[in-house]
Number of protein chains: 2
Amino acid sequence: MTDTARPPRRTEIRQHNETLILQAAEKVFAEAGFGGATMQLIADMAGLPKANLHYYFPTKEDLYRRVVQDIFEIWLHAADSMDQAPGPIEGIGAYIQAKMEISRRHPNGSKVWAFEVMHRAPVIQDYLETTLRAWTTGRVRLIERWIAEGQMAPVDPEHLLYMLWATTQHYADFGHQIETLNAGPLSDVDWQKATDSVKTMILRGIGAL
Amino acid sequence: MTDTARPPRRTEIRQHNETLILQAAEKVFAEAGFGGATMQLIADMAGLPKANLHYYFPTKEDLYRRVVQDIFEIWLHAADSMDQAPGPIEGIGAYIQAKMEISRRHPNGSKVWAFEVMHRAPVIQDYLETTLRAWTTGRVRLIERWIAEGQMAPVDPEHLLYMLWATTQHYADFGHQIETLNAGPLSDVDWQKATDSVKTMILRGIGAL
DNA sequence: CCACAGCCTGACCAACCGGTCAAGAAAATT
DNA sequence: AATTTTCTTGACCGGTTGGTCAGGCTGTGG
């Protein structure tokens with residue numbers, strides 16, 4: 001394989017280091033917020049000199065913006081499984097499943113999003129007003145259709161969406177609190193149990209079971 | 001009324017200024033996190049010189065700790081109505097009601113709590129391990145009793161509690177996101193609708209309706 | 001072999017931060 | 001009125017932060 005032996009091309013170096021920096025930044029921003037995070041700490045965690053960070057990301061805000069945007073992308077794709085579902089049991093069930101898995105694998109991303117929204121969304125306000133709003137109205141219509149078809153009880157679609165976001169993201173954002181009460185990190189079985197509990201309670205709560 | 005004419009006593013001055021500082025601090029900590037908040041900004045918002053803050057609260061951490069503790073107290077009292085209830089409809093319904101009202105009236109407090117927990121709870125870790133854990137096991141037993149009495153479906157009590165916390169606090173922590181999607185602040189009617197939606201979905205979700 | 005563009009980094013800087021302190025004003029106590 | 005205690009505040013300080021920059025390094029194309 002000449003591919004592995006060949007020294008990395010310039011763009012590959014760039015991509016590699018950007019990934020390194022973004023991973024470190026996500027963790028630091030999640031644990032300390034924008035104001036509490038320092039470029040030095042991110043640099044140390046990424047194993048690079050601080051000046052190198054500013055070569056790839058001119059300012060702290062640029063770096064932060066990229067982290068938030070990357071998370072937003074992941075979140076949007078989580079609803080793909082919801083769309084082609086015949087009814088709420090499959091659609092909302094799959095959405096809960098997808099969001100719980102994201103909470104488990106990208107807890108830091110979820111936290112950065114929470115930080116950003118609590119901060120009154122100075123960076124992604126336009127995303128909220130355009131992309132997220134469009135996404136929301138689309139799912140509201142989908143839920144209204146399911147209600148009209150008699151597949152679920154006539155709940156308020158928007159508050160159902162809030163409940164879905166709140167319950168699933170809670171396992172990421174408040175993971176430390178849950179782990180403390182659980183006396184340790186959640187195991188595979190614990191996560192399965194959590195997902196099943198959320199699915200059961202919500203699906204029964206909307207009269208789909 | 002001689003009470004209002006009389007100059008304030010020593011302790012009254014202290015209490016007045018502490019309240020002023022704590023209110024400002026709650027807001028600033030909620031919007032910027034611990035690291036992003038500055039004593040200068042809190043001082044300006046409280047209308048006091050910065051040095052005066054350090055007279056009442058020696059360090060930034062002391063001030064932050066007081067803010068978090070005050071919130072914790074409010075939260076604990078929210079469950080009082082849950083205890084003497086005959087069943088889940090009244091008990092959990094009243095708990096949702098109380099927590100939704102706290103989310104509306106103390107949104108900043110809820111946010112500071114969220115910040116603290118996401119920050120791995122460096123200040124209130126001992127509270128989590130002692131007071132909150134004891135509180136939780138108590139309510140778990142209560143829910144288990146209701147299940148044994150056939151008043152609700154056999155759900156996992158801990159995940160039910162997480163769902164209650166997540167859904168109610170979401171309206172405070174993610175209030176900005178909700179207001180953006182709602183194209184403005186929630187009215188009295190909106191809040192009533194939200195509370196009813198949460199109550200209905202959760203109570204039906206646990207098979208209590 | 002050279003030249004050039006992309007990459008790397010130690011040293012540095014102005015701005016800001018939490019916290020201190022001394023000196024005095026105001027209030028309560030005697 | 002004298003004294004003691006509490007409260008107030010401008011000025012100041014050491015340490016840290018985000019960001020800069022000149023100069024060196026490295027791999028690629030010609």
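Below, read A as the first sequence line, B as the second, and so on, with proteins coming before strands; counting in each chain starts at 1.
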Mind calculating the distance between [atom1] ([X]) and [atom2] ([N]) to the nearest angstrom?
| X | N | atom1 | atom2 | value |
| --- | --- | --- | --- | --- |
| A:Leu53 | C:dG10 | CG | C1' | 15 Å |
| B:Leu48 | D:dG10 | CG | C1' | 15 Å |
| A:Phe29 | D:dG18 | CZ | C1' | 12 Å |
| A:Tyr56 | C:dG6 | OH | P | 12 Å |
| A:Arg14 | C:dA5 | CZ | P | 16 Å |
| A:Gln15 | C:dG6 | CD | C1' | 16 Å |
| A:Ile13 | C:dC8 | CD1 | C1' | 10 Å |
| B:Gln40 | D:dT16 | CD | P | 21 Å |

Whether the [X] and [Y] side chains hold a donor-acceptor pair (N or O, under 3.5 Å, no angle test) is what I'd like checked.
| X | Y | result |
| --- | --- | --- |
| B:Tyr162 | A:Gln177 | no |
| B:Gln69 | B:Glu73 | no |
| A:Ser110 | A:Asp173 | yes |
| A:Gln125 | B:His176 | yes |

Is any NZ, NE, NH1 or NH2 atom of the basic residue among [X] and [Y] found under 4.0 Å from an Asp or Glu carboxylate oxygen of the other?
| X | Y | value |
| --- | --- | --- |
| A:Arg139 | A:Asp83 | yes |
| A:Lys193 | A:Asp196 | no |
| B:Asp188 | B:Arg104 | yes |

Checklist entry - Any side-chain N or O of B:Asn17 under 4.0 Å from OP1/OP2 of D:dT8? => result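 So the side chain of B:Asn17 is within the cut-off, an N or O lying under 4.0 Å from OP1 or OP2 of D:dT8.
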Checklist entry - Does A:Tyr55 make a side-chain N or O approach to OP1 or OP2 of C:dC7 shorter than 4.0 Å? => result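 For C:dC7, OP1 or OP2 has a side-chain N or O of A:Tyr55 closer than 4.0 Å.
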Item to check | Any residue meeting side chain to side chain contact (heavy atoms under 4.5 Å, CB included) with A:Thr195, in chain and number order, not counting sequence neighbours | outcome: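 So A:Thr195 forms a side chain to side chain contact (heavy atoms under 4.5 Å, CB included) with A:Gln97, A:Met100, A:Lys199.
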Item to check | Atom pair CH2/OG1 of B:Trp165 and A:Thr167 - distance to nearest 0.5 Å | outcome: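 OG1 of A:Thr167 is found 14.5 Å from CH2 of B:Trp165.
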Next on the checklist: Rounding to 10°, can you tell me the angle the first-five-pair axis of the helix from C:dC1-D:dG30 to C:dT30-D:dA1 makes with its last-five-pair axis?
Outcome noted: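 Result, rounded to 10 degrees: 10°.
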Any protein N or O atoms within reach of nucleotides 19-21 of chain C? Criterion: under 3.5 Å, listing atom names and distances.
residue: C:dG19; atom: OP2; partner: B:Lys60; partner atom: N; Å: 2.6
residue: C:dG19; atom: N7; partner: B:Lys50; partner atom: NZ; Å: 3.2
residue: C:dG19; atom: O6; partner: B:Lys50; partner atom: NZ; Å: 2.7

Checklist entry - Counting any heavy atom closer than 4.0 Å, what does B:Ala43 reach on the DNA or RNA strands: base, sugar-phosphate only, or nothing? => result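 Touches nothing.
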